[in-house]
Structures are given as structure tokens and as C-alpha cells.
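Counting starts at 1 for both ligands and their atoms, in listed order.
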Amino acid sequence: MSGIYRGLVSYGDRDFSRFLRRAFLHASGRSPESLDRPVIGISTSTSDFNPCHRQQPELVKSVARGIIAAGGLPMEFPTISLGESFLEPTAMVYRNLMAMDVEELVRAQPMDAVVLVGGCDKTVPAQLMGAFSAGRPAIQLVTGPMSTGRYQGERLGACTDCRRFWARYRAGDVSETEIGEVERNLATTAGTCAVMGTASTMACIVEALGMALPDSAAAPAVHADRLRLGEATGAAAVSIAVAGRTPDQVVTAASVRNALRVLLAIGGSTNALIHLTAMAGRLGLAIDPDELNELSDTTPVLVELKPTGAHYMEDLHASGGLPAVLHELRDLLDLSALTVTGETLGERLGDGPAWVDREVVRPLSEPSREKGGLVWLRGSLAPSGALIKRSAADPALFETTGRAVVFSSLEDLAARIDDPDLDVEASDVLVLQNAGPLGAGMPEAGYLPIPAKLARAGVRDMVRISDARMSGTAYGTIVLHVTPEAALGGPLALVRTGDQIRLSVSEARLDLLVAPEELEKRRADLPEPATERLTGYRKLFRDHVLGADLGCDFDFCLPAP
Ligand code: FES
């Protein structure tokens, strides 16, 4: 059964169920003939609490136009939306809730395919995780990036420039008045963060996976190209529905490897690795950390976008978009990978864009960095792994052995980091505990601020280690996602101020240089885990969330082995 008759409500009389469904659809004023068309759901995520999705209503209209022109019946439906800076303790906690929302609504409602319209960091992975589990034909349309603002002749874009100016404000270089002006010019249009942060990285990854139309990642939210992409995506969804092309035909080990190559070549966000792991996991595909490191060592960084370069997403769009990057990488990609429209990646790429701005997308022969952005670390401090974004880090700190200065929680960090009496030096290693998925919902707190007294003395970077995440727009020598997390009794929980920690990016190691006997003694002294009584979704999250190495998905959402 397809179209509006898919998945009938049970009344014990199938003909009555069909009759009733038609009767209620007539209430929507659609022509009776249109009810016989393939039904294309449009999963929307508009919310006043998500300014990044502000233009979605207009974009959704363009999708509907494309669906109708191609002979389909568009049916828009809302899901929850996750505005990155509006959810306490962090949007990360609610990604899986949105994934469940999308999965169940795609499965339960009568649609032959779905267009997923999202953009802000967690929304795209949530939509794809849900659609992958639902197993219905699906295509992603991202809202597109913001355009840049201006401040005293300087281009500004959320959110690398947010952090840059905030760091200068903390260091006393920028006044109260100036930071207020900057605040009003950082995010000036609809759309997602303007740099290669998590939202932009996810948009590129989705295109590389083949789950979106070609050249759809970078078109700005307010550009007419975005609306044209909306129409084309709507039309493509009808073809996908007719072909019955489900995500498992598109997202394979080959396309996930292609997506990892792209993640590395664009200097993408560390968060994207968590999301890609979770998305692939929904289809029974795993990311091998050793393979990630191997890919990282053999994939140059080609894209000069902030936070690792100087440009913004709108510049990437004007420079050939992601197809320019893919074309440059073609010898490193599996071009036989199928895409959602039925062509292979190689067929999509063709001869590549007519013109590429080499200031923005470097040629493979002259990359901005010889090696990819991410390194998966292992060692006694992170037995199941940790991640460093070497493309955003200071190479001078890649090989560091230093004294730990430990903060036991986010509250402890906030209370002491700027204390003038804090015993800390530039050569120390800042450690934050209990900020992992269970400990605190895994906020983007891994970008520990440089202690104010050091910042004022001109220190701009230090080695910082935590089980938290970091915004894709941030930069620094920052080790994240330490697994197992401290709240689960991982070795991170055993670090004490004064311990020696060794980071070696060349060896992909992160080690706590403390004798095992001493660590066992400390383990025995660890406090019992809190057993606060939780209800509803928060209980579900606490009982079922997996570690960062498994994408922080819920254990019960993974397919049977
Ligand atoms: Fe929405 Fe950055 S806050 S993409």
C-alpha cells in the first residue's frame, strides 16, 4: 500500500479506514485527484527558539512547489527543533529525542518519501538518524549558512568570531561597548553559523554521503539558490519515492568513508564525528578509529574556512561549493558510491565546477595542511579514545608533557578559572572532569577558557582535556570526548592537580603518567555515583546513552548485530 493509504489506522475495517482518511484529507481542501499522488512528507523544524531556521517556511514552500511540479502530494509536518544555544543543559541531550520524533512520525504517517529540512547543529543528524531507522526513502535539505555581518570594516560570522572577540574581551583588549556592538553584528541573517562549524560540517557530510543534492551544502540561507535547491529537492523526492530508494542503499561503508574524507579535508567539526558515528550506527555501520587516523594522515586539508582558515561558507558557495572539494579529492574517494538521486558520486562530479577560487578551495597539490584535521587518541587516560582537532590546534603543543590543573565539574571550572590565586602556568594542562554525556549532557565546554590572568599576560593557547565536546567554530589545542567519561569512572576521574599528562599527536597517544597502584587507591576513594530520581526523557537518556565513541546514541536505537 502506498500514498495516503499507507499504514492505515486500525478500526477493524480497512475500507472504513481508507474512507475516513480521505474524508479528513478533504478537509484540507486538496483536490480529490491529488490524493492519488505519491505522498512526500516535509519534515520541518521551525521554532522561534531556533533563529537559524527562521527562513524555513519560505524554503518549505519551495520544496512543496517542486513536489507538486513533479507530480507528488506535499504533506508538511513539524517535529521538535533544537536551537543550539537555547537548550539547557545542551542541545546534545535532545538530539536523540528529535531523532525518535522524526523516526516515529516518518514511520507512522502515510508518506512514500520524506524531505528533511534542518540546519542547526543537532537537527540534521537527528533527522537522518530518525529517517535511517524508519527506513523510508529520504532526502536532506539544509537551511543553508548565514551571510556575514560587518563591524568597523571587518567581516563577522558566527561563531568563530564570537569566540575570537570574547577571548579579546576577556583579555581586556576589547571594551564593554565594543563587545556589545560585536554582539549585534555576529548573526545578522537567517541560516546556520557562517563558518565551518558543526552545522556547515554536517551539511558537507550529508552531501558527501549522497543524501542531499549536489552543491546543496553551502548555498546561503538567503540566496535564491537556496530556494532553487528547495524546488529541486522536492522534485527529487518524488523520483526517490517512485524508485523506492531507501537510505540503506545510499549510506554504505563506502559512502561513510567518503564522508570521513570530506570531514577531514574541510577541517570539519569534532562534533561531526559523533554525529556521523550515530548516523552510520543506525544502519549497522561502525567507524574504525584506526581507519579514521589512517584517512586523516592521507587526506590534506583543502578548505580555507574559519576556524582553520580565513573565509566563510558564503565564500565556499561562490568558489564552487562542495563539488569543488569533492572534485579535488576524487582520487581519494570511492566514486562508485550511489547517491540518493540514483547516480554514482563519480557521475555527479562529472568534470567539476567551471571555476574554483583557489584562495578558498586549495588544489590537492597545494593543500593548506598536508594532513587531515582530526586525530583519534588512545592511551591510559582515554582507553576507549579521545579526539583532537589538530587543524585548529597549535603544532607547538602537539608533543606536550605537562602538569595537570584539574577542575572537577563545570561549576568548579566557572568558580575558579579566573581566580587570581589559581595556581596555573602556561605550560600546564587544564583538565575538566564530569562533562561527558552522563556527567553533564556533554556540553560544548571542552574549549576551556584560558585563565584570565594568563590571557591578560598574552597566553592564547594551552593543552586542554575533557570528556566534553567543543563547538565546531572553536580553535585551540583541545582534547575532547575522553572515553570512558569521568562520571562512568573512566581514568579521567582519577586525575589530580599536579599529575603529569603526556599528549603526543604524532603517536596518537594521551597518557596519565601516574603509577597504577596510586590510581587504584584513588579509584577506591571515588564517590558513589549520584542516584537522583529522574522521570521521562531525562531518565531514558541517563539509562541508555552510549559513550562518545559510539556516537552518544541510545543503546536501544541500534539495529540488532
Ligand atoms: Fe544554529 Fe550555529 S547556532 S548553526
Side-chain angles (χ1 to χ4, degrees), residues 44-56 59 79-95 98 116-128 140-149 155-166 182-207 212 216-223 226 263 266-272 274-276 305-308 311-314 316-317 389 392 441-447 469-475:
T44 67
S45 46
T46 308
S47 163
D48 281 350
F49 289 106
N50 194 345
C52 302
H53 292 191
R54 171 159 67 84
Q55 100 292 20
Q56 266 202 16
L59 186 57
T79 67
I80 61 168
S81 188
L82 306 176
E84 193 58 22
S85 47
F86 292 88
L87 287 145
E88 187 265 328
T90 156
M92 186 66 200
V93 169
Y94 301 99
R95 183 202 63 183
M98 184 171 177
L116 306 158
V117 188
C120 195
D121 292 17
K122 309 298 178 294
T123 59
V124 169
Q127 289 179 325
L128 284 171
Q140 181 81 51
L141 175 64
V142 296
T143 55
M146 284 179 211
S147 303
T148 50
R155 285 173 86 192
L156 293 185
C159 225
T160 302
D161 297 323
C162 318
R163 293 172 202 288
R164 187 164 58 84
F165 271 93
W166 192 253
V182 168
E183 181 189 297
R184 285 185 283 281
N185 287 288
L186 278 165
T188 52
T189 74
T192 49
C193 286
V195 299
M196 190 53 81
T198 303
S200 301
T201 305
M202 290 312 300
C204 292
I205 279 184
V206 170
E207 188 176 327
S216 62
V222 297
H223 197 298
R226 181 55 54 195
L263 167 63
I266 61 178
S269 157
T270 47
N271 286 323
I274 293 184
H275 299 319
L276 183 58
L305 259 58
K306 291 186 174 191
T308 53
H311 300 278
Y312 297 88
M313 278 298 273
E314 61 188 5
L316 178 61
H317 178 60
K389 185 175 179 179
M442 210 179 185
E444 290 183 338
Y447 178 70
R469 295 177 301 119
M470 170 175 85
S471 165
T473 61
Y475 47 87

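Taking OG1 of T90 as the start and CE of M442 as the end, the distance is 9.5 Å to the nearest 0.5 Å. Interatomic distance, CD of Q140 versus CD of E207, reported as 12.0 Å (0.5 Å rounding). One finds the NE2 atom of H53 at 3.5 Å from the OG1 atom of T123 (value rounded to the nearest 0.5 Å). Considering OH of Y312 and CG of L156, their distance stands at 6.0 Å, rounded to 0.5 Å. Rounded to the nearest 0.5 angstrom, E84 CD and N50 CG are separated by 9.0 Å.
Around atom CZ of F49, no more than 12 heavy atoms belonging to other residues, nucleotides or ligands sit under 6.0 Å away.
The ligand atoms of ligand 1 that sit less than 4.0 angstrom from a heavy atom of A199 are 4 (S). Residue contact check: D121 has heavy atoms under 4.0 Å from atoms 2 (Fe), 4 (S) of ligand 1. Near C52, the atoms of ligand 1 lying under 4.0 angstrom from a non-hydrogen atom of the residue are 1 (Fe), 3 (S), 4 (S). Below 4.0 Å from some heavy atom of T192 lie the following atoms of ligand 1, by number and element: 4 (S). Atoms of ligand 1 found under 4.0 Å from any heavy atom of E84 (numbered from 1 in listed order, with element): 3 (S).
Protein heavy atom at the shortest distance from atom 2 (Fe) of ligand 1 is C193 SG, 2.2 Å.
When distances to atom 1 (Fe) of ligand 1 are checked against a cut-off of 2.8 Å, C120 contributes an N, O or S atom below that limit.
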